[in-house]
K.L.:
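Please read through the structure below; I'll follow up with questions.
Hydrogens, waters and symmetry mates play no part in the numbers below; they use all other heavy atoms, side chains included. Chain identifiers are assigned alphabetically (A, B, ...) following the order of the sequence lines, protein sequences preceding nucleic acid strands; residue numbering begins at 1 within each chain.
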Amino acid sequence: MYRFKHHRPTTIDEAQSIFAACDDPSYLSGGMTLIPTMKQRLASPTDLIDLSQVEGLTGITFHSGLVRIGAFTRHAVVANSAEVAKAIPALAYLAAQIGDNQVRNRGTLGGSVANSDPAADYPAAVVGLGATIVTSQRQIAGDTFFQDLFETALEPGELITAIEFPIPEKAVYRKFPNPASRYAVAGVMVARFPRGVRVGVTGAGPCAFRATALENALNQSFNPDALNAVEIPDAGFNSDLHASAEYRAHLVKVLAKRAVQALC
Amino acid sequence: MQITLTVNGTLRELDVPENTLLVDILRERLRLTGTHVGCDTSQCGACTVHLNGRAVKSCTVLAGQADGTSVLTIEGIGTPDVLHPMQAAFRECHALQCGFCTPCMIMAAIDLVENHKELDNKSVREGLEGNFCRCTGYHNIVRAVLSAAEKMAAKA
Ligand SMILES: Cc1cc2nc3c(=O)[nH]c(=O)nc-3n(C[C@H](O)[C@H](O)[C@H](O)COP(=O)(O)OP(=O)(O)OC[C@H]3O[C@@H](n4cnc5c(N)ncnc54)[C@H](O)[C@@H]3O)c2cc1C
Ligand code: FES
Ligand code: FES
């Protein structure tokens, strides 16, 4: 790991002004992605801006029809929250499936979403539940947030402060985990809202996306067999040593059917 | 950078480069070599210690993140005469062979027992997913954790 300077601001404003004044800065949240990346020298920021002391980035609150989770909230906190488990059981379940106990004790919601790893779990919830990403500057719709492999709508220096998840009537998350890392080879969040069904997919493409063909079929008839005839084209899907694009497309349908089955 | 942390109950003030990892502070500076480095890529769990009471991989914690925290390592949980119930259970159940994974398997297992309710065969296996053992096949480790969990509950 190259040398860097470690900053520990206490306010969002301070964090942003340090960011603006540095050569090649990076925010540091749980560090469970950034530190391994720095060790491999795939990232070499001059300055780390540690978010752990910044006020207002933690906590889980409930507003009309929404669960709002601070960006610095660790995965273990979401996984073990009785209130989250009551409001959106699928979200607490998803958090409990991330990596392992030690990873969940350090990794945070904001870090996971800002990173847009194609195999990360939370992005499926952001898209599948139609969440809103609250940043230091604005609010960004979950549907437009993930743009490509490790690419999001965030501008340089823009800080995620919280994420607001609408509470569905019911939702289920199903993933096919990589047996070594637990990252999602494919993961699907199916959520029923009064306005209709939403399906968020992670792991399969370069970033999380809504599977509109699956949503349309489920809006017509909400049962697993309604998905039989839906084609999931594998064009642009990820293909690596873990799974081919074709296999991932197959998994998306299988996982969506299992999720719907659990919801029926 | 100047950092202050409590390690196994003792307050330590250290001056370390910013890019120092907690595991290197423990092993190189404090000579607490029971915490191991297996992979250095956040996968194997051989470097597990408790940071403010929760199991973490110390190869993925920076000096500046450890500043102000309380750290517990394998050296801090028992003595050769009075083993921690988890250490005793590992010995009784033959839950180790080469011993490389053992210190941190024990630290991860204590977190599991202290912070997670009802443990059974399945939840212990899931709870230890972040710790690799290349020798035992895990079976006796799971037995040891369940046995220690009973003793720790009886003591509490
Ligand atoms: C062994 C292992 C297994 C894992 N398995 C899984 C898994 O199964 N599923 C899964 O989803 N993830 C998995 N992860 C990743 C883990 O969830 C990470 O915690 C997560 O991806 C990053 O969160 P972090 O808080 O650690 O962020 P960091 O590593 O601190 O930061 C990641 C990136 O986000 C940026 N960032 C952080 N916070 C903010 C913010 N508030 N605003 C803007 N930018 C920000 C940082 O600058 C950095 O670029 C695994 C990691 C490991 C090491
Ligand atoms: S050495 Fe830290 S996880 Fe392997
Ligand atoms: S006893 Fe040898 S690695 Fe576990």
K.L.:
Heavy-atom count check: over 12 atoms from other residues, nucleotides or ligands less than 6.0 Å from B:Arg125 CZ?
P.N.:
yes

K.L.:
We want to know whether B:Thr48 and A:Gln102 form a side-chain donor-acceptor pair, criterion being a heavy-atom distance below 3.5 angstrom.
P.N.:
yes

K.L.:
Can you tell me how far CG of B:Leu112 sits from CG of A:Asn101, rounded to the nearest 0.5 angstrom?
P.N.:
6.0 Å

K.L.:
Would you find a donor on one side and an acceptor on the other, under 3.5 Å apart, between the side chain of A:Arg8 and the backbone of B:Gly64?
P.N.:
yes

K.L.:
Around atom NE2 of A:His250, are there more than 12 heavy atoms of other residues, nucleotides or ligands at under 6.0 Å?
P.N.:
no

K.L.:
Kindly determine whether B:Asn19 and A:Phe4 satisfy side chain to side chain contact (heavy atoms under 4.5 Å, CB included), including the steps that lead there.
P.N.:
CA-CA 7 Å; B:Asn19 57 355; A:Phe4 54 83; 3.5 Å; yes

K.L.:
Just do the side chain to side chain contact (heavy atoms under 4.5 Å, CB included) check on B:Leu51 and A:Arg106 with the steps written out, would you?
P.N.:
CA-CA 10 Å; B:Leu51 190 84; A:Arg106 295 295 293 165; 3.2 Å; yes

K.L.:
Side chain, backbone, both or neither: which part of B:Asp111 has a non-hydrogen atom closer than 4.5 Å to chain A?
P.N.:
side chain

K.L.:
Other residues, nucleotides and ligands only: do more than 12 of their heavy atoms fall within 6.0 Å of CZ on A:Arg182?
P.N.:
yes

K.L.:
Name the member of A:Leu48, A:Leu34, A:Asn105, A:Val103 that forms the most heavy-atom pairs with chain B at distances under 4.5 Å.
P.N.:
A:Asn105

K.L.:
Less than 4.5 Å apart, any side-chain heavy atom of A:Pro36 and any of B:Gln43?
P.N.:
no

K.L.:
Taking atom NZ of B:Lys57 and atom CD1 of A:Ile35, what is their separation to the nearest 0.5 Å?
P.N.:
12.5 Å

K.L.:
I want to check something: taking the side chain as every heavy atom from C-beta on, are B:Gln65 and A:Asp50 in contact at a cut-off of under 4.5 Å?
P.N.:
yes

K.L.:
State the CG-CG distance between B:Leu62 and A:Leu28, to the nearest 0.5 angstrom.
P.N.:
6.0 Å

K.L.:
Can you tell me if A:Lys39 uses its side chain to pair, donor with acceptor, with the backbone of B:Thr41 under 3.5 Å?
P.N.:
no

K.L.:
If you measure from CD on B:Glu18 to CE on A:Met1, what distance do you get to the nearest 0.5 Å?
P.N.:
11.5 Å

